[in-house]
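Structure first, then comments.
The chains referred to below are lettered A, B, ... by the order of the sequence lines, with proteins before strands, and numbering in each begins at 1.
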Amino acid sequence: MGNILLKNLKEELKDSIKKVISSEGDLSIDIVFSKTPDLKLGDIATPLSFELAKKQKRSPFEIAENISENISLPNGVEKIEISGGYINFFFDRKFFSNATIEKIVSEYELYGKGNKKNEKVMVEYSQPNTHKSFHIGHLRNVCLGDALANIMEFSGYQTIRANYIGDVGAHVAKCIWGYMKFYSGFIPEGNKGDFLGKVYSEADNKLKKSEIYDEEYREVLKKLYEEEKQTMKVWEMTREWSLEEFKRIYKELGIEFDIFFYESEVKDKGTKVAFELLEKGIAKNKEGAIVVDLIDHNLDEFVILRNDGTALYSTKDIALAERKFKDFKIDRSLYVVGSEQKFYFKQLFKTLEIMGFSQAKKCYHLSYELVMLEEGKMSSREGNVVLYSDLKKFVNKEAIKQVRERNISNAQEISEIVTIGALKYSMMKDNNKKIIFNWKRALDFEGDTAPYIQYAHARAAGILNKAECVKGKFQIDELSEKEYKLVFILSEFPEIVEKASIDYRPDYLSNYTYDVAKCFNEFYHECRVLNAKTNRDFRISLVRATKIVLNNSLMLLGISAPEEM
RNA sequence: GGACCAGUGGCCUAGUGGAUAUGGCAAUAGCCUCCUAAGCUAUAGGUCGGGGGUUCAAAUCCCCCCUGGUCCGCCA
């Protein structure tokens, strides 16, 4: 931990370069390294000479020459070359490979782990509404959020995974009205959560068409607000149905939360806070409602309580944030929520700042675009959604079919691992952009998919199983390009994790993991391992290191790495 | 009307100041007597939405325009 080989080499190189250029009095420049487009050109490069050329009014070539002639290269860097003005550095590749692979193998599951940060972070994600169906849009959220939490934790933050369930509000009342009106006393045998989703959609449809129905619904809404006994009983029962289904899904996905918050438990506190803010003069009364004036911040007015005194989304979120800061003592608060709420979160964070919470500056809204159907937006109301349960069922069917074509001992378990992996990966590999859902692609297990990566892992496992006693020590004769390319990408893992945590970008990990799998497959086809003529011990260790990195990065994505498939 | 996000080969996508623009799907041609063919190799496919500008260097930054999405609710 902490001592990252590739990163260290970069730091040492920076120092060496600075020593050369400082003799000419130029220290202010920030030295950056990039990968070379081709390993033939070197391992890492810097375009520093272009920047210096401008400042010093000399030719970049001359500057590069000067650096190249006067630099004392750190241990592990073998050669320096100038190419088109770039300064390219060549590592001592045997040394680098040796050190990298030994490090990975010895650190094992800790390889890539960041230093402990003295900071507590809470990630809030998967905020499903009870009494509505759980569809693939919710799936995207929970996958992203879980990966983010994993990454933060692995990067060294103390991390709390929070779920915030919407169990009150108009949609609940609609569903309960529909249930009492058309299904009173009925207890579905199968998936109770999906049943409620259908009841909700059906109720919403009928309510649009009848004023009498609408009156009845308002009555239910009122009774829920007043916590009338009979209605509350139905609420409790149906709420539990939804929660059971959610928990079943989380279990299936292998996702665990540290804490569940419910809207029902923060709404009263929120109302209190709204009045407190009013008293303190942070908020003001506007036509009976309570609003925070954010016009000077270019954020309009933020309504935090309705004029009838009932709670809004904002009412509850302010109370919940306060609870997170005060009771859980968190320093950093992350929210994984769809991008349509961007403006809302700006208002919320600004309000928290005005309320005096220093953590407000470390609040972050990880936003992502919706999962859409080819024909357009999904809507629980309309009922035109792809349910999570259906998607899982069909993907699993395909996985079972494919596993059966192979000779595998525990087909059931493997098909489940492939199914969940494929689902999660497809929801995370894009940079939070709009996803147009497509069945053909969802059932694809080749190319840039989780099964491709899992397969690479299983292959590595297969080799290691057959390699009798494995020596920890190895000698490297001649490094082939495929071998070294693989070593190099493995060495990048810690930096990728760090960047993903800084930028809050789980997709960095998805892309990286796929690249590792691809490199490994190329290596696999070109280099024999078990009956290798050269580098046998090294290759076995390289395979082991690859398996470790694949396993660690899949773990961050919440995807299982099978030993066989 | 104002604000934000996106636009990269037929389709999807990486890359947000550095070298010849990354991969996948689909297509074509190959590779299993050899550690798992959910794999590999090769071929073909590009006005990086358009136009200006800044820069030694632009898919990336600035301005204008086009297209799509979202927000500007006492909804969530």
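- What separates CZ of A/R528 from P of B/rU33 is a distance of 12 Å, to the nearest Å.
- Base contact: A/N88 has a heavy atom under 4.0 Å from a base atom.
- Glycosidic torsion of B/rC25 falls outside 90° of 0, placing the base in anti.
- For the OP1/OP2 pair of B/rG7 and a distance below 4.0 Å, the side-chain nitrogens and oxygens of A/K433 include at least one atom meeting the criterion.
- Across B/rC74, B/rC34, B/rA26, the shortest atom-to-atom separation from the side chain of A/R306 is found for B/rC74.
- Proximity note for A/Y508 (side chain, C-beta onward) versus B/rA38, B/rC56, B/rG15: the nearest is B/rG15.
- In this structure, A/E301 reaches neither bases nor backbone, as no heavy-atom distance under 4.0 Å exists between it and the strands shown.
- Comparing the same atom, P, in B/rU28 and in B/rG17 gives a spacing of 40 Å after rounding to whole Å.
- No contact: A/E526 has no heavy atom under 4.0 Å from any strand.
- Comparing B/rA38, B/rG23, B/rU70 against the side chain of A/P451 picks out B/rA38 as the nearest.
- Atom P of B/rA37 sits at a distance of 23 Å from the matching atom of B/rG23, rounded to the whole Å.
- Taking atom P in both B/rG9 and B/rG50, one finds a spacing of 10 Å when rounded to whole Å.
- For B/rA38, one of the phosphate oxygens OP1 or OP2 lies less than 4.0 angstrom from a side-chain nitrogen or oxygen of A/R406.
- Atom CZ in A/F50 sits about 10 Å away from atom P in B/rA19, given to the nearest Å.
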Practice task
Tell me, with the steps shown, if A/N521 and A/R459 meet side chain to side chain donor-acceptor pair (under 3.5 Å).
Solution key: CA-CA 9 Å; A/N521 276 331; A/R459 271 181 156 172; 2.7 Å; yes

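- Closest contact between the side chain of A/K482 and the listed nucleotides B/rC56, B/rU41, B/rU70 involves B/rU41.
- The 5' end of RNA chain B is approached more closely, in terms of each residue's nearest nucleotide, by A/T36 than by the other of A/T36 and A/A311.
- Backbone-only contact: A/D430 has heavy atoms under 4.0 Å from sugar-phosphate atoms and none from a base.
- Within 4.0 Å (heavy atoms only), A/N407 reaches no atom of the nucleic acid at all.
- Comparing the C1' positions of B/rA21 and B/rG45 gives an interatomic distance of 14 Å, to the nearest angstrom.
- Across all strands shown, A/A170 has no heavy atoms under 4.0 Å from either base or sugar-phosphate atoms.
- Considering only side-chain N and O atoms, A/Y452 lies under 4.0 angstrom from the phosphate OP1 or OP2 of B/rC40.
- Ring geometry, A/F134 versus A/Y388: the interplanar angle exceeds 60°, so the pair is classed perpendicular (tilted spans 30 to 60°).
- Between A/R441 and the phosphate of B/rC11, there is no side-chain N or O to OP1/OP2 separation shorter than 4.0 Å.
- Here A/R505 reaches the OP1 or OP2 of B/rG15: one of its side-chain N or O atoms lies under 4.0 Å away.
- At the heavy-atom level, A/A458 lies under 4.0 Å from base atoms of the strands shown.
- Proximity note for A/Q341 (side chain, C-beta onward) versus B/rA76, B/rC56, B/rC74: the nearest is B/rA76.
- Remark: A/E369 CD to A/D430 CG distance equals 11.5 Å, nearest 0.5 Å.
- Residue A/S367 is classed as having no contact, given no heavy-atom separation below 4.0 Å to the nucleic acid.
- A/T449 comes within 4.0 angstrom of no nucleic acid atom, judged by non-hydrogen atoms across all strands.
- Heavy atoms of A/K286 sit under 4.0 angstrom from at least one base atom.
- Rounding to the nearest 0.5 Å places CG of A/L305 at 6.5 Å from OG1 of A/T310.
- With hydrogens and angles left out, the side chain of A/D444 and the base of B/rC25 share no donor-acceptor pair within 3.5 Å.
- Per the geometry, OH belonging to A/Y504 stands 19 Å off P belonging to B/rU16, to the nearest Å.
- At a threshold of 4.0 angstrom between heavy atoms, the contacts of A/M372 with the nucleic acid are absent.
- For A/K440, the listed nucleotide lying nearest its side chain is B/rA26; candidates were B/rC40, B/rC72, B/rA26.
- Nearer the 5' end of RNA chain B, as judged by each residue's closest nucleotide, is the contact made by A/E522, out of A/S314 and A/E522.
- Pairing of B/rA76, defined by two Watson-Crick or G-U wobble distances under 3.5 Å, is not identified with any nucleotide.
- Ring orientation note: the planes of A/Y164 and A/F261 are nearly perpendicular, at an angle over 60° on the 30°/60° scale.
- B/rA42 and B/rC4 have their P atoms separated by 45 Å, given to the nearest Å.
- Using N1 to N3 plus N6-O4 or O6-N4 for Watson-Crick, or N1-O2 and O6-N3 for G-U wobble, each under 3.5 Å, B/rA29 pairs with B/rU41.
- Taking the six-membered ring for Trp and thresholds of 30 and 60 degrees, A/W439 and A/F437 have ring planes more than 60 degrees apart, a perpendicular arrangement.
- Put simply, the side chain of A/E405 and the base of B/rA38 share no donor and acceptor less than 3.5 Å apart.
- Comparing B/rC48 with B/rA29, their P atoms are spaced 31 Å from each other, to the whole Å.
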Exercise for the section: Would you please test A/Y512 and A/F493 for ring-ring contact (aromatic ring centres under 6.0 Å, His included) and show each step? Expected result: CA-CA 8 Å; A/Y512 172 77; A/F493 180 61; 5.8 Å; yes

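- Across all strands shown, B/rC4 forms a Watson-Crick or G-U wobble pair with B/rG69, both key distances being under 3.5 Å.
- B/rG68 atom P lies 19 Å from atom CD of A/E374, rounded to whole Å.
- The residue A/V418 sits close to a base: some heavy atom pair falls under 4.0 Å.
- Across B/rG23, B/rG39, B/rA76, the shortest atom-to-atom separation from the side chain of A/N521 is found for B/rG39.
- One P atom belongs to B/rA26, the other to B/rC40, and the distance between them is 13 Å to the nearest Å.
- For the OP1/OP2 pair of B/rC12 and a distance below 4.0 Å, the side-chain nitrogens and oxygens of A/K434 include no atom meeting the criterion.
- Across B/rA38, B/rA19, B/rG39, the shortest atom-to-atom separation from the side chain of A/A45 is found for B/rA19.
- Pair assignment for B/rC34: none, as no Watson-Crick or G-U wobble contacts are both less than 3.5 Å.
- With B/rC74, B/rC40, B/rC4 as the candidates, the nucleotide lying closest to the side chain of A/E287 is B/rC74.
- Nucleic acid contact for A/Y514: sugar-phosphate only, since backbone atoms but no base atoms lie under 4.0 Å from a heavy atom of the residue.
- Judged by a 6.0 Å distance limit and a 45° cone about the ring axis, A/K342 is not positioned over the six-membered ring of A/F349.
- Between the C1' atoms of B/rG7 and B/rG39, the separation comes to 34 Å (whole Å).
- Taking the six-membered ring where tryptophan is involved, the planes of A/F474 and A/F538 are tilted, since the angle between them lies from 30° to 60°.
- Note on ring orientation: taking the six-membered ring where Trp is involved, the planes of A/Y514 and A/Y452 are tilted (angle from 30° to 60°).
- Taking every side-chain heavy atom of A/E446 into account, B/rA38 is the closest of B/rA37, B/rA38, B/rC56.
- Between A/R459 and the phosphate of B/rA37, there is a side-chain N or O to OP1/OP2 separation shorter than 4.0 Å.
- Among the atoms of the strands shown, base atoms are found under 4.0 Å from some heavy atom of A/L530.
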